[in-house]
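Quick notes on the structure that follows.
In listed order, ligands and their atoms are each counted from 1. Keep in mind that this is a model prediction, so the values were computed, not measured.
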Amino acid sequence: MVAAVPYWWEAAAPASLPKRTPDRRCDVLIVGAGYTGLSAGLTLARAGRSVQIFDRQRPGEGASTRNGGIASGNLRPSYQQLRRKFGEARALALAAEAKAAREDLAAFIAREKIACDFELTGRFTGAATAADYDRLAREAEHLRKSLGIDAHAVPRNEQASVLGTQFYYGGLLRNDIGGLHPAKFFAGLLAAAQAAGAKVYGETAVRSLVPKAGAFAVETAEGPVEADHVIIATNGYTDGVDPWLRRRLVPVRSRIIATAPLSNNLMSELMPKRVMCAETRKLHYYYRPAPDGTRILFGGRDGSIAGDPAWPTQDLQRALADIFPVLDGVAITHSWWGHVAMNRDMIPRIFSRAGLRYAVGYCGSGVVWARWAGQKAAWQILGDERAQSALDFRPPPAIPLYTGTAWFLPAVYAWLGAQDKWHRRAG
Ligand SMILES: Cc1cc2nc3c(=O)[nH]c(=O)nc-3n(C[C@H](O)[C@H](O)[C@H](O)COP(=O)(O)OP(=O)(O)OC[C@H]3O[C@@H](n4cnc5c(N)ncnc54)[C@H](O)[C@@H]3O)c2cc1C
């Protein structure tokens with residue numbers, strides 16, 4: 001029997017909060033109680049602002065307790081792509097901000113004493129082709145020279161010391177990336193925000209936001225609230241309360257499977273360094289050992305767009321066995337999915353529109369970015385000079401013919417999958 005809930009929930013499931021009537025007035029109202037909303041709320045409450053945070057589900061039940069816990073602060077476009085699109089200075093500022101955000105997350109966890117199994121394990125990115133390996137080797141050099149990041153290429157004949165597979169043509173090992181237990185991290189963040197005085201309301205949807213004399217009249221499921229500022233922190237779970245944003249963020253299903261516990265010997269053979277893993281395929285997979293090192297959590301896209309069918313789990317099982325043939329037929333204990341939020345240029349951003357402040361669009365890398373962007377959005381409201389950010393882009397452009405149903409995803413997956421096959425054959 002495969003559990004359809006996150007493996008993480010065994011240690012830290014999202015909890016229902018007692019229902020209460022919200023205060024009629026507050027300085028800042030936040031829509032969404034995931035990493036973004038709580039990080040913003042924590043920062044504002046510690047600065048003495050009255051803050052109310054609403055989530056239509058149990059707090060954390062969005063992506064923040066479902067993810068892989070890989071603390072990468074990834075940017076989807078490569079450095080070269082960023083440079084071509086935005087120029088050298090902006091590309092470097094984005095890469096430097098990712099580094100600062102990763103370091104800030106580690107410092108925050110230590111400062112707040114959040115027991116979330118955070119460890120700077122390193123991350124290996126497997127090259128799907130020989131050409132990808134050459135590109136990764138150049139990237140390692142660039143990371144070392146321009147940002148002082150401890151990164152180096154691992155050739156195929158040395159790969160077994162990092163990852164027990166022949167699937168890749170070598171890869172890139174970065175020692176500035178690690179992993180955490182996402183649901184334990186969420187629980188620590190929630191406790192910190194509440195202790196600071198932020199009021200959190202679970203299973204309480206925000207239904208409408210209407211500008212009113214320089215403030216906002218907000219209708220929630222538990223009554224009206226008037227707020228001077230509103231932060232939208234709904235990311236991949238954005239609903240009809242903000243149809244403008246819904247046309248700009250595509251919620252994409254990502255799924256993770258957890259294997260049954262594996263023997264210590266097998267884990268040491270497959271993941272000798274217990275690193276986080278990624279790869280260069282366009283339809284890429286991400287995977288990692290569980291924090292206690294006893295099993296593998298393996299994630300990738302879930303091509304379904306309705307219900308919870310079995311075939312995306314089987315697809316992941318097949319992909320796992322392609323990389324680790326010894327795991328063909330291994331028992332799976334959990335399989336779950338959640339929404340990541342993609343936008344047209346695949347860059348997280350913090351922006352304002354019509355008086356509303358947004359921190360969204362992490363493209364599957366919000367463990368580092370969401371907490372960071374929430375904090376930045378709060379600093380913007382506080383007029384704090386630390387608010388400055390390279391993520392300060394214009395709002396994401398609308399996606400043509402898209403109003404909330406991602407009808408085009410199957411075609412996109414087919415196209416990317418075909419490119420992966422072609423590249424591997426050619427490479
Ligand atoms: C399967 C999976 C694997 C992932 N793996 C990784 C990983 O390994 N590393 C990484 O960095 N990132 C990963 N991510 C992405 C990461 O989890 C997210 O980027 C991050 O959690 C976003 O946090 P958030 O607070 O912005 O959004 P969420 O945690 O999604 O919270 C948004 C909340 O808004 C609420 N909401 C929406 N509308 C309303 C409304 N009208 N009223 C009230 N509340 C509302 C929702 O209920 C939801 O709880 C993964 C995501 C998934 C789904």
Atom 43 (C) of ligand 1 has as its nearest protein heavy atom R56 N, 3.1 Å

Atoms in ligand 1 with a heavy atom of Y35 nearer than 4.0 Å
21 (O), 25 (O)

When you look at CZ of R394, are more than 12 heavy atoms from neighbouring residues, nucleotides or ligands closer to it than 6.0 Å?
no

What residue and atom, counting heavy atoms only, is the protein's closest point to atom 21 (O) of ligand 1, and at what distance?
S64 OG, 3.0 Å

Does the N or O separation between G366 and ligand 1 drop below 3.5 Å for any pair?
yes

Can you pull out the closest protein heavy atom to atom 48 (C) of ligand 1? Residue, atom name and distance to 0.1 Å, please.
D55 OD2, 3.4 Å

Distance-only side-chain donor-acceptor flag, E385 / W379, under 3.5 Å
no

Under 4.0 Å from any heavy atom of I70, which atoms of ligand 1 are there?
7 (C), 8 (O), 9 (N), 10 (C), 11 (O)

Short N/O distance, under 3.5 Å, between Q57 and ligand 1?
yes

My understanding is that only residues two or more places apart in sequence, or in another chain, count here; which of them pass ring-ring contact (aromatic ring centres under 6.0 Å, His included) with W337?
H339

Measure from NZ or CZ of R357 to the centre of the six-membered ring of F351 and say whether it is under 6.0 Å with the direction within 45° of the ring axis.
no

Do any nitrogen or oxygen atoms of G236 come within less than 3.5 Å of a nitrogen or oxygen of ligand 1?
no

So the atoms of ligand 1 within less than 4.0 Å of a heavy atom of Y237 turn out to be 30 (O), 37 (C), 38 (N), 46 (C), 48 (C)

So for ligand 1, is V206 a polar contact partner (N or O within less than 3.5 Å, distance only)?
yes

Need the ligand 1 atom indices (1-based, order shown) with element for anything under 4.0 Å from a heavy-atom of N67.
2 (C), 3 (C), 4 (C), 5 (N), 6 (C), 13 (C), 14 (N), 17 (O), 50 (C), 51 (C)

Anything under 3.5 Å between a donor and an acceptor, one on a side chain of residues 112-119, the other on a protein residue two or more places apart or in another chain? List them.
residue, atom, partner, partner atom, Å
E112, OE1, R46, NH2, 3.0
E112, OE2, R46, NH1, 2.8
D117, OD2, K184, NZ, 3.0

Return the closest protein heavy atom for atom 36 (N) of ligand 1 as residue, atom name and distance.
T234 CG2, 3.7 Å

Which heavy atom in A233 sits nearest to a heavy atom in I30, and how many Å separate them?
CB-CG2, 4.2 Å

Answer yes or no: does atom CD of Q388 have more than 12 heavy-atom neighbours from other residues, nucleotides or ligands under 6.0 Å?
no

Please confirm whether the ring centroid of F393 lies under 6.0 Å from the ring centroid of F86.
yes

So which protein heavy atom does atom 22 (C) of ligand 1 come closest to, and at what separation?
N235 ND2, 3.7 Å

For I296, which of L262, I257, V330 qualifies under side-chain contact (heavy atoms from CB on, under 4.5 Å)?
L262

In this structure, are over 12 heavy atoms from other groups packed under 6.0 Å from K19 atom NZ?
yes

At a 4.0 Å threshold, what atoms of ligand 1 neighbour a non-hydrogen atom of V241?
41 (N)

Is there a polar contact between ligand 1 and V31, counting only N or O atoms under 3.5 Å apart?
no

In Å and rounded to the nearest 0.5 Å, what is the CD to OH distance from Q375 to Y35?
15.5 Å

In ligand 1, which numbered atoms sit nearer than 4.0 Å to a non-hydrogen atom of V367?
9 (N), 10 (C), 11 (O), 12 (N)

Using non-hydrogen atoms of the residue, decide whether G299 is closer than 4.0 angstrom to ligand 1.
no

If you count every heavy atom of other residues, nucleotides or ligands that lies below 6.0 Å from R111 atom CZ, does the total exceed 12?
yes

So, does S72 sit close enough to ligand 1 that a heavy atom of it is under 4.0 Å from the ligand?
no

Is there a donor-acceptor contact under 3.5 Å linking the side chains of S254 and R301?
no

Which is it for A233 and ligand 1 at heavy atoms under 4.0 Å: side chain, backbone, both or neither?
backbone

For D239, is at least one N or O under 3.5 Å away from an N or O on ligand 1?
yes

Atoms of ligand 1 less than 4.0 Å from G68 heavy atoms?
3 (C), 4 (C), 5 (N), 6 (C), 7 (C), 8 (O)

Would you say V340 has any N or O atom under 3.5 Å from an N or O of ligand 1, going by distance alone?
no

Could you tell me if any non-hydrogen atom of G69 lies under 4.0 Å from any atom of ligand 1?
yes

Take atom CG of D322 as the centre, draw a 6.0 Å sphere, and report whether it contains more than 12 heavy atoms from other residues, nucleotides or ligands.
yes

Under 4.0 Å, heavy atoms only, figure out whether ligand 1 is touched by the backbone of Y286, its side chain, both or neither.
side chain

Interatomic distance, I231 atom CD1 to Q380 atom CD [nearest 0.5 angstrom]:
8.5 Å

More than 12 heavy atoms of other groups within 6.0 Å of W415 CH2
no

When you measure from atom 24 (P) of ligand 1 to every protein heavy atom, which one gives the shortest distance, and what is it?
T36 OG1, 3.4 Å

Does ligand 1 have a heavy atom under 4.0 Å from the side chain of H339, from its backbone, from both, or from neither?
backbone

Test your reading of the structure: does G37 have an N or O sitting under 3.5 Å from an N or O of ligand 1?
no

Quick check with a 6.0 Å cut-off and a 45 degree axis cone: is R353 positioned over the face of W244's six-membered ring?
yes

Give the residue and atom name of whichever protein heavy atom lies nearest to atom 12 (N) of ligand 1, and the separation in Å to one decimal.
G364 O, 3.0 Å

Atoms in ligand 1 flagged as close to G32, the criterion being non-hydrogen separation under 4.0 Å:
33 (C), 34 (O), 35 (C), 44 (N)

